[in-house]
Amino acid sequence: MKELPKIYEPQKVENEIYMRWEEGGFFNPDNIASDEKYCNILPPPNANGELHIGHASGYTVMDIFGRWARMKGKKTLLLPGKDHAGIQTQVVFEKKLKAELGLSRQEIGREEFYKKTYDFCMDRSGYMRSQEKKIGISADWSREKFTLDPDVLSSALQTFVKMHEDGLIYKGKRIINWCPRCATALSDVEVLHKDTPGKLYFIKYPLENSQTEFITVATTRPETMLGDTAVAVSPDDERFAKLVGKNAVLPLQNRSIPIIADQRIDLTFGTGAVKITPAHDPLDWQIGKDHKLEEIQIIDEKALITEFGGKYAGMTTHEARKAVVKDLEKLNLLEKIEDLAHSVSICERCKTIIEPLTSEQWFINVDAKKYSLRRLAKKVIEENLIEIFPNNFKKILIDWFDNMRDWCISRQIWWGPRFPVWYCDNCGEQKYLVSLEKPSNCPHCNGTNLTQDENTFDTWFTSGQWAHTTLKSRENDFENYYPSDMMVMGRDLLFFWSARMIMLSLYATGKVPFRNLFFTGLVLDKEGHKFSKSRGNGIDPLTVIEKFGADALRMSLIMDSAPGQNSRLYEEKIETFRNFANKLWNISRYCLTQEGFKLVEEISSKDIENPADNWIIYKLQMTVDEISRLFENKQIALAADVLKTFTWNDFADWYLEINKIEKNQKILGYVLDKVLRLWHPFIPFITEHIWTLAEQEKMLIISTWPRPLHDIATLLDGWQYVENLKAIITTIRNVRTENKIELDKKISIVINSNNEAFSKMIKLEFQEEIIKRLKTGADSISYNQSESGLGNSIKRTAGAYTLFINLAGAINTEKEIAKAEKEIASLEKFIAGLASRLENKEFVSKAPVQIISQQQETLAKKQTELSELKKHLKSLS
RNA sequence: GGGUGAUUAGCUCAGUUGGCUAGAGCACUUCUCUUACAAAGAAGGGGUCACUGGUUCGAGUCCAGUAUCACCCACCA
């Protein structure tokens, strides 16, 4: 056995291990023969940058479940990919183009821009792929996909064609969210709302044919009055009842506009009268539709005032607001201005203020007669055809579907797939043809000059189909792996992505896209802030991996947090898991350097030679059971915690120490074998590395998950013996520390027990040797069933035994008395509580028998302890 | 305006179907470089589980309400 370093050095082994996994073909499910399958289509990160810690967090969760499934013998497919990320990538790449070449996209033209952006995405994808490998994700790279891959895309566009045939698609002029900077329409979810201090302007609109009467409206956006086509009041508002049906004169524009009544007006807000601008406000647009009002577009797509804005034409909205307010003041029509906190819509990508505009766009009717996307999506969730974890997200998703409005899917950007919609130059835009391929001629007039629709798709239209389109390009994959078992995503993608995937996949395939939907929380910095570029608090996964190793990063991302709950990440935390990895390394180092050591896959009951073997096998059995149960419940953080306790506190702290004295290499090899397997999904690199050092033939990644060990463990008895032994040792150490006795000063111990447990001390020599050598400093141990002549010793209860520890005069009597008194007080209190509970008739009649007998046992034990302690106190004073 | 989550040790957080005196990591105190590991070992100290009620034999856990914080949704002009 070659010399092993004292410190585990992940940097030296991780790359090589990943390469061996890849070359072994273990990520490709085709190489696994099994009837059981497991599939997780990985969420595609945006191919325009690099991985951040949030990606790493999600990937870790996915990989843990994936490796677990693989070890359970399932044909396991983790399918990776990248998203072209329409608007975001265009924003990123335009900036890059400007910074590096000083060019705008208009200057290089649509075709060239698309080509350059594509190359950019390919380049980033390559880099991001290398990052994903560093994290250790066991994905099948031979199946990697990009949302713009021809097969993936064509499958997604077919859904559009089908939807069009089914009447779910319509094109229409409607009010939409317009980002003036991105120069495109946005869907509702791409708009953020930000509370901002603003002003509420009260403007007097003169009544028609009157010099003295006015109706006063309140608005936060006075410039939009240029496009007003009505004033609305509540039908229940008596103040204005007599004005309904009359007209007002729109100041500055001198147009006559009707005063109408509408249920949607809140008579308690402002003056109760609202100016209606159908072209520039969503609610006004609705009201305008219902009252057949004219729409006057006075703000254009660059957020400038149009020709319909009269003398304000060409101004920005900001300039127009100032000018309008000033002019109204001059006319004495501005009644007052109040401060008002209200919420402003901004673009999710560039934070520019959204201008609501009416515009010709493509929409998906999410509640069509023939097929209601949102109702059917809601139904599968209600019926638990998709299990959502944690479950509280289920209600949020259902509520969202209930309130969902039609989905605007057209964008006026260049980066992304164009609509498969064709217009004939002859027939014009009124007649169009939907077809994946460019038609050779127009079905209406046979003309051959056909041009494609300029619009590109909302990026969520294609990524919303990722769950099934990715499986369509290889024969049988769809049949084999759809629906997938697991989908993991950050909770911030709840509406953007999970909702769209459920709707679109359900529609396109008739089946749910996945059976389990697992939401992860956000990863925050040490202070609980989001990681962001502007804050400059980002943690680069690669830097962390370089410093602490991928395994430590993985552990720190999934442990100490509850599912769906946000968690914090910082160096000290990662360090503790790096320390754990090192602990596991040294445990293995000890094992591997033992004479004749090897990993052992199976044992039988006759391999158990001493009580410690018995004990550790029992503990291992409990751990395997517990971890398997927790995995089934998707509680991976708790599973890792249970395993950590077993590894460190049971195996390393006790079994290894005892093993140095009572060697049984077979059990040692067996336990380490199981420990490595159980840890592998969490920390694949170090476990695989140790596995290799142990000269295993097959790699750990494809080894089998430990079975429950009941067949062996049930044969065992007396495992509690070691628990008692631990108590004895701990008690002696404790007494030593309390009395400040140096370890090299030897003490003598008398172990006394007048109960049955004493007779159960199966192997006295074994016990004696261990007590002496496990840092107790005991040099003589004797056993006695009577207490006479032990008055000079410190007396302690340890497990089923009473110890008399003779410190050879070093005893601090005063301290000992104080301690005994304190202990007696707390014991008495505890016993009183327990006794009264056991005397309670209701408790005895209603509580489960198990609980009652447990508590009776405890009571008896504590009562004995108390009386012993009292005797001890008496002997001291 | 609606919703969700959080509130447990000095700090960061676990706590599964309600059940023995509520746990971990970090930090803290004392001791130890003992032949796997000082990135470690040994022994400790530290908590009215935000508050008020309720259900229950039994509540950190379930229910109702209150407070504070965080996040999400929303067409309050």
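The chains referred to below are lettered A, B, ... by the order of the sequence lines, with proteins before strands, and numbering in each begins at 1. Heavy atoms only: backbone and side chains are in, while hydrogens, waters and symmetry mates are out.
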Undergrad: In whole Å, what separates the P atom of C62(B) from that of U16(B)?
TA: 8 Å
Undergrad: In whole Å, what is the span from the CG atom of Asn177(A) to the P atom of C73(B)?
TA: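 For the pair Asn177(A) CG and C73(B) P, the rounded distance is 13 Å.
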Undergrad: If A64(B) has a Watson-Crick or G-U wobble mate with both distances under 3.5 Å, name it; if not, just say none.
TA: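 Paired with U52(B).
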Undergrad: Verify the contact: side-chain N or O of Lys530(A) to OP1 or OP2 of C72(B), cut-off strictly under 4.0 Å; return yes or no.
TA: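 Yes.
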Undergrad: Taking atom P in both C71(B) and C13(B), what distance in whole Å separates the two?
TA: 14 Å
Undergrad: Between Phe269(A) and Leu827(A), which has a closest nucleotide on RNA chain B that is more 5'?
TA: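 Of the two residues, Leu827(A) wins.
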Undergrad: For U34(B), does OP1 or OP2 lie under 4.0 Å from any side-chain N or O of Arg773(A)?
TA: no
Undergrad: Specify the separation, in whole Å, of atom NZ of Lys846(A) and atom P of U55(B).
TA: 12 Å
Undergrad: Does C33(B) have a Watson-Crick or wobble partner in any strand here, with both distances under 3.5 angstrom, and which is it?
TA: none
Undergrad: Suppose you measure atom P in U7(B) against the same atom in G44(B); what distance do you get, rounded to whole Å?
TA: 30 Å
Undergrad: With a 4.5 Å heavy-atom cut-off, do Ile337(A) and Leu200(A) have their side chains touching?
TA: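 A side-chain contact is absent here, since even the closest heavy-atom pair is not under 4.5 Å.
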Undergrad: Of all the nucleotides listed (A40(B), A43(B), U16(B)), which has the minimum atom distance to the side chain of Lys583(A)?
TA: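 So the side chain of Lys583(A) is nearest to A40(B).
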Undergrad: What's the closest nucleotide to the side chain of Ile587(A) if the choices are A36(B), A77(B), C57(B)?
TA: A36(B)
Undergrad: Quick one: do the Lys547(A) and Gln11(A) side chains pair a donor with an acceptor below 3.5 Å?
TA: no
Undergrad: Grab the CZ-P distance between Phe519(A) and C72(B) for me, whole Å please.
TA: 15 Å
Undergrad: Quick one: label Gln854(A) by what it contacts on the DNA or RNA (base, sugar-phosphate, nothing), any heavy atom closer than 4.0 Å.
TA: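 Counting heavy atoms under 4.0 Å across all strands, the contact made by Gln854(A) includes a base.
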Undergrad: Look at the side chain of Lys660(A) and the base of U35(B), then say whether one donor and one acceptor between them are separated by less than 3.5 Å.
TA: no
Undergrad: Using both distances under 3.5 Å as the test, list the Watson-Crick or G-U wobble partner of G18(B), or none.
TA: none
Undergrad: Picking from U16(B), C75(B), C13(B), which would you name as closest to the side chain of Arg568(A)?
TA: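 Nearest to the side-chain atoms of Arg568(A), counting from C-beta on, is C13(B).
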Undergrad: Which nucleotide in the set U4(B), A74(B), C75(B) lies at the smallest distance from any side-chain heavy atom of Asp195(A)?
TA: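 Closest nucleotide among those given: A74(B).
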Undergrad: Within the structure shown, what part of the strands sits under 4.0 Å from Asn633(A) by heavy-atom distance: base, sugar-phosphate, or nothing?
TA: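 Here Asn633(A) touches no strand at all.
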Undergrad: Tell me which nucleotide among U30(B), C72(B), C37(B) gets nearest to the side chain of Lys740(A).
TA: U30(B)
Undergrad: Is the phosphate of A40(B) approached by Asn579(A) (side-chain N or O, under 4.0 Å from OP1 or OP2)?
TA: yes
Undergrad: Expressed as a whole number of angstroms, how long is the span from Asp560(A):CG to G23(B):C1'?
TA: 11 Å
Undergrad: Do the charged groups of Arg773(A) and Glu769(A) touch, with an N to O distance under 4.0 Å?
TA: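 Salt bridge: yes.
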Undergrad: Please determine, for A24(B), whether a Watson-Crick or G-U wobble partner exists with both distances under 3.5 Å, and give it or none.
TA: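 WC or wobble partner is U12(B).
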Undergrad: Counting heavy atoms from C-beta on, name the nucleotide in A77(B), U16(B), A36(B) closest to the side chain of Asn586(A).
TA: A36(B)
Undergrad: Can you list the steps and then say if Glu355(A) with Arg221(A) is a salt bridge (Lys or Arg N to Asp or Glu O under 4.0 Å)?
TA: CA-CA 11 Å; Glu355(A) 292 293 343; Arg221(A) 300 171 67 207; 2.9 Å; yes
Undergrad: Regarding Glu575(A), tell me which of base, sugar-phosphate or nothing describes its non-hydrogen contacts under 4.0 Å with the strands shown.
TA: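 Answer is nothing: Glu575(A) stays at 4.0 Å or more from every strand.
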Undergrad: For Ser561(A), report the nucleic acid contact type (base, sugar-phosphate, nothing); a contact means any heavy atom under 4.0 Å.
TA: sugar-phosphate
Undergrad: Determine the contact category for Ala218(A): base if any of its heavy atoms lies under 4.0 Å from a base atom, sugar-phosphate if only primed atoms, P, OP1 or OP2 are that close, otherwise nothing.
TA: base
Undergrad: Rounded to the nearest 0.5 Å, what separates atom CD in Glu190(A) from atom CG in Asn177(A)?
TA: 8.5 Å
Undergrad: Given G19(B), C20(B), A77(B), which nucleotide is nearest the side-chain atoms of Phe830(A)?
TA: C20(B)
Undergrad: To the nearest angstrom, how far is Lys644(A) atom NZ from C37(B) atom C1'?
TA: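 About 15 Å, once rounded to whole Å.
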Undergrad: Please state whether the base of A36(B) and the side chain of Glu657(A) form at least one donor-acceptor pair under 3.5 Å?
TA: yes
Undergrad: Please give the distance between the P atoms of A74(B) and C11(B) as a whole number of Å.
TA: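 Result for the P pair: 36 Å, nearest Å.
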Undergrad: Expressed as a whole number of Å, how far does the P atom of C76(B) sit from that of A14(B)?
TA: 35 Å
Undergrad: What's Thr730(A) touching, base or sugar-phosphate or nothing? Going by heavy atoms closer than 4.0 Å.
TA: sugar-phosphate
Undergrad: Go ahead and name the base partner of U4(B); Watson-Crick or wobble counts if both distances stay under 3.5 Å, otherwise write none.
TA: A70(B)
Undergrad: Is Arg589(A) close enough to C37(B) that one of its side-chain N or O atoms is under 4.0 Å from OP1 or OP2 there?
TA: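 Checking Arg589(A) against C37(B): at least one side-chain N or O falls below 4.0 Å of OP1 or OP2.
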Undergrad: Any idea which of A43(B), A77(B), U16(B) is nearest the Glu626(A) side chain?
TA: U16(B)
Undergrad: Any side-chain N or O of His193(A) below 4.0 angstrom from OP1/OP2 of C75(B)?
TA: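 It does, given that an N or O in the side chain of His193(A) lies less than 4.0 Å from OP1 or OP2 of C75(B).
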Undergrad: When you measure from the side chain of Gln635(A), which nucleotide among A77(B), U4(B), U16(B) comes out closest?
TA: U16(B)
Undergrad: Between Asp406(A) and Arg174(A) (salt bridge meaning N to carboxylate O under 4.0 Å), is one present in this structure?
TA: yes
Undergrad: Without decimals, in angstroms, what is the distance between Leu656(A) CG and A40(B) P?
TA: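 These atoms are roughly 16 Å apart.
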Undergrad: Establish whether the base of A42(B) is bridged to the side chain of Arg733(A) by a donor-acceptor pair shorter than 3.5 Å.
TA: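 Between A42(B) and Arg733(A), which were checked side chain against base, a qualifying N/O pair under 3.5 Å is absent.
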Undergrad: Kindly point out which of A14(B), C57(B), G41(B) is positioned nearest to the side chain of Lys775(A)?
TA: G41(B)
Undergrad: Under 4.0 Å between a side-chain nitrogen and a carboxylate oxygen: does that hold for Lys660(A) and Glu657(A)?
TA: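 Salt bridge between Lys660(A) and Glu657(A), a charged N being under 4.0 Å from a carboxylate O: yes.
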Undergrad: Does Trp648(A) place a side-chain N or O at less than 4.0 Å from the phosphate oxygens OP1/OP2 of G41(B)?
TA: yes
Undergrad: Using atom C1' of each nucleotide, how far apart are A9(B) and G60(B) to the nearest Å?
TA: 14 Å
Undergrad: Taking the same atom, P, in U17(B) and in G5(B), what whole-Å distance lies between them?
TA: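 The answer is 15 Å between these two P atoms.
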Undergrad: Nearest whole angstrom, please: distance from the C1' of G19(B) to the CD of Gln856(A).
TA: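 Going from CD in Gln856(A) over to C1' in G19(B) covers 14 Å.
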Undergrad: Can you find an N or O donor on one side and an acceptor on the other, under 3.5 Å apart, linking the side chain of Lys6(A) with the base of C37(B)?
TA: no
Undergrad: When the P atoms of A42(B) and U52(B) are considered, how many whole Å apart are they?
TA: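 40 Å, rounded to whole Å.
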Undergrad: Does the pair Glu738(A)/Arg736(A) count as a salt bridge with the N-to-O cut at 4.0 Å?
TA: no
Undergrad: So among Phe580(A), Phe631(A), Phe577(A), which one has a ring pair (Phe, Tyr, Trp, His ring centres under 6.0 Å) with Phe682(A)?
TA: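 Of all the options given, the one that passes is Phe631(A).
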Undergrad: Roughly how many Å is it from CZ in Arg491(A) to C1' in C71(B), rounded to a whole number?
TA: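 In whole Å, C71(B) C1' lies 7 Å from Arg491(A) CZ.
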Undergrad: For Ile729(A) and Pro848(A), take the nucleotide of RNA chain B holding the closest heavy atom to each; which residue's nucleotide lies nearer the 5' end?
TA: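 The answer here is Pro848(A).
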Undergrad: Can you tell whether the side chains of Asp399(A) and Lys395(A) come within less than 4.0 Å, N to carboxylate O?
TA: yes
